[in-house]
Amino acid sequence: DEGRVDMAEKQDVIEIDVLEMLRYCLKRWKLFLVSVILTVVAGLVICNFILTPQYESTTKVIVLMKQQLTKDYEKLIASRDVLETVIKQCGLEDTYEELLERTSVENETDTRIISITVEDPSPQKAQEIAESIRETATEHIQAVTDVEAVNVAERANLPSEASSPSVKLWLIVSAAVGFLFSLIFSLVRYLS
């Protein structure tokens, strides 16, 4: 009998009245509001004044080949030979690994078109690097394979808007962080 009483007491201690907890949190709506506003303002400051905007420029090539070879050509475009040549041509201070990290090479589904996208703090530089990669890769592919033609499907664009950081995403994440902080703080106060 004594063991049953102890178990019942322990269960009473563990039970939480969810509605009461919700009421407790709702009474602290000002805390939630202030917290969300502060984190949103902090997020906007970080997004607009601390993070460096990045611009993406994309160029596309079409390689007259069998579609199953597109992965080979993606690797050749992002190869050390191509990117190190581009680093010299464009006067970049990047290492091969750094430029590779800012470059994406993708085959568009069910096509022979390969997209080359470069990210850079300068829209003009992003365009210049993308064009240089396309031109250098075209020569490299023709030199190491039996493909006779790698044609320009689309020249590199001059980006007019930054691709990152996304202000909308920063606002959503900042608001969520502020809300969660307030919720955790309120729950800890309620449970203590």
Side-chain angles (χ1 to χ4, degrees), residues 35-65 67 69-143 147 149-180:
S35 182
V36 168
I37 289 171
L38 288 175
T39 54
V40 165
V41 168
L44 283 172
V45 168
I46 291 168
C47 183
N48 290 318
F49 300 107
I50 296 174
L51 297 177
T52 304
Q54 296 293 316
Y55 296 85
E56 285 185 350
S57 179
T58 301
T59 183
K60 297 179 182 181
V61 294
I62 183 165
V63 184
L64 305 176
M65 57 174 179
Q67 199 171 325
L69 295 175
T70 55
K71 289 288 178 201
D72 296 343
Y73 293 103
E74 286 178 40
K75 295 290 184 192
L76 287 172
I77 292 169
S79 69
R80 185 175 292 277
D81 286 344
V82 170
L83 295 187
E84 285 183 349
T85 301
V86 169
I87 289 168
K88 289 176 189 166
Q89 285 176 350
C90 295
L92 304 176
E93 294 180 8
D94 295 62
T95 63
Y96 161 73
E97 289 79 12
E98 289 168 342
L99 182 55
L100 181 62
E101 193 175 305
R102 300 190 299 123
T103 305
S104 69
V105 181
E106 297 174 354
N107 173 235
E108 296 185 14
T109 311
D110 298 326
T111 70
R112 294 176 293 174
I113 296 173
I114 299 174
S115 297
I116 304 162
T117 303
V118 176
E119 190 177 69
D120 195 84
S122 161
Q124 294 82 5
K125 202 66 175 175
Q127 181 185 35
E128 178 190 346
I129 296 167
E131 285 286 314
S132 182
I133 290 174
R134 190 198 69 238
E135 291 165 6
T136 306
T138 299
E139 293 170 11
H140 184 63
I141 289 170
Q142 289 173 334
V147 171
V150 179
N151 300 320
V152 177
E154 190 177 290
R155 294 201 169 279
N157 63 310
L158 179 62
S160 57
E161 292 182 13
S163 58
S164 68
S166 167
V167 175
K168 187 186 288 185
L169 180 63
W170 272 88
L171 285 175
I172 292 168
V173 170
S174 299
V177 166
F179 181 81
L180 284 174

Going from [atom1] on [X] to [atom2] on [Y], what distance comes out if it is rounded to the nearest 0.5 angstrom?
X	Y	atom1	atom2	value
Thr136	Lys88	OG1	NZ	11.5 Å
Glu131	Cys90	CD	SG	10.0 Å
Ile129	Ser122	CD1	OG	8.0 Å
Thr95	Arg80	OG1	CZ	8.5 Å

Notebook entry, point to check: Under 6.0 Å from the CD atom of Glu161, do we count more than 12 heavy atoms belonging to anything else shown?
Noted result: no
Next item on the list: Give a yes or no on this: more than 12 heavy atoms of other residues, nucleotides or ligands lie within 6.0 Å of atom CD of Gln124.
Entry: yes
Do you know the tightest heavy-atom contact between [X] and [Y]?
X	Y	result
Glu154	Thr59	O-OG1, 2.7 Å
Val150	Ile141	CG2-CG2, 3.9 Å
Gln54	Asp120	OE1-C, 3.4 Å
Gln127	Ala156	NE2-O, 3.1 Å
Gly178	Val36	C-CG2, 4.0 Å
Leu83	Ala78	CD1-O, 3.8 Å

Looking at side-chain heavy atoms only, is the closest gap between [X] and [Y] below 4.5 Å?
X	Y	value
Trp170	Leu51	yes
Glu108	Lys60	yes
Asn48	Val167	yes

Next item on the list: Taking Asp81 for its side chain and Thr85 for its backbone only, find out whether a donor-acceptor pair lies under 3.5 Å.
Entry: no
Item checked: Salt-bridge contact Glu56-Arg102 (side-chain N to carboxylate O under 4.0 Å) -> no
